[in-house]
> 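Before we start, here is the structure in question, set down as structure tokens.
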Amino acid sequence: MNKKTIIAGLLPDELKKIISAYKQPVYRAKQVLDWMFKKGVLSFSGMKNLPSELREELDRKNQPLSLYQELKLTSAVDKTSKYIFITNDAQSIETVFIPTTKRATVCVSTQAGCAFGCLFCASGKDGLVRGLRADEIVSQLLLVKKDNPHRPLTNVVFMGMGEPLANYENTLKAIRIINHPDYLGIAARKITVSTCGLPDAISRLAKENMQFELSISLHAADNDTRNRLMPVNKKFPLEMLIKAAREYTQVTNRMITFEYVIIDGVNDSKKAALDLAKLLTRLKCKVNIIPFNPVDAMQFKRAEKARLAEFTQTLDENKLNFTLRRSRGADIQGACGQLRLERTERKNLKDEGRGFK
Ligand code: SF4
């Protein structure tokens, strides 16, 4: 069992405490952070301006980060990279790097697996293993940054594996670290937390006085369809979710983004578009319409072009503030949890002696 303290998950005061315990001046803490978060040096031995006795002390009881990279796939189409990282207790988690001309976005995971079992999502297929610690969330960014030294990270989205608000404390601590100028210094408005819709946690977030963006996975505007797609809706139906969202916008004066993955024959009808426009009337929000990224093992298909056109035209006519997105990385299993799922299935086949290469 690894008992070492992971520096990537420490706020400044926590790190200063460690440095002081080694009878070193506290400015050494900032030097350690500079090496890790600005220069991408992820071993104590490489931190050349630290006294050798401090490097040795740090090395004995601490480690800079808590993951290692097992796999990386890069899309030939849009240069999106998907990573599989392994935790100290051998859990695999996924992280995606999405470079565009203007941005370099990292999509991080907050849990190994997920308890919520959304029907269109590979992450929920095997259930929840455990929540990730703040250091494991931050380590994903450190490794992606090191692997892409010429693209400063501009945006972070908490949309990978797991439900961030079901791992509330670790998610918020990771955001504080990512946002801090001595660490990655990514502006709060460039950080987006995505939830499947936990009303109590949304109400709690509203009181945090933090400026990051909140995004809610909606995917249906009637309870029957949403119950089918997202079992969480049976516990927290749309009425509860929209009430919490409305309160959130009132308390924070911030806009919420709703995500709507559009799926063939499930939520792509004209009536579904009308329901969506009605549900979100007078709510300070925008909606991202995202064509479904097909996952081999699942029963859904991408909506047909004509249906998609009718859907977006109906939203237009009803004056809903929306953007039609494109899903990226389809050629590298870009959908949430898909790569990890494939890895697990490959391993199972191997374990069963079925000769998978
Ligand atoms: S969409 Fe999010 S909440 Fe739903 S199963 Fe996937 S990771 Fe979990």
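Just so it is clear, the structure is predicted and the values come from calculations on it, not from any experiment. Along the sequence shown, the residues carry numbers beginning at 1. Whatever order the structure lists ligands and atoms in, that order sets their numbers, starting from 1.
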> Would you say C121 reaches atom 4 (Fe) of ligand 1 with an N/O/S atom under 2.8 Å?
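Checking C121: none of its N, O or S atoms is under 2.8 Å.
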
> Can a donor-acceptor pair be found between the side chains of T95 and Q140 at a distance below 3.5 Å?
yes

> Is it true that, when you exclude K235 itself, more than 12 heavy atoms of the residues, nucleotides or ligands shown sit nearer than 6.0 Å to its NZ?
no

> Looking only at heavy atoms, is any part of C196 under 4.0 Å from ligand 1, and if so is it the side chain, the backbone, or both, or is it neither?
side chain

> Take atom CZ of R151 as the centre, draw a 6.0 Å sphere, and report whether it contains more than 12 heavy atoms from other residues, nucleotides or ligands.
yes

> Testing the 3.5 Å rule here: is there a donor-acceptor pair between the side chains of N170 and N167?
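The answer is yes; a qualifying pair exists.
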
> Looking only at non-hydrogen atoms, which of G117, S109, S217, G162 approaches atom 2 (Fe) of ligand 1 most closely?
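Nearest heavy atom to atom 2 (Fe) of ligand 1 lies in G162.
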
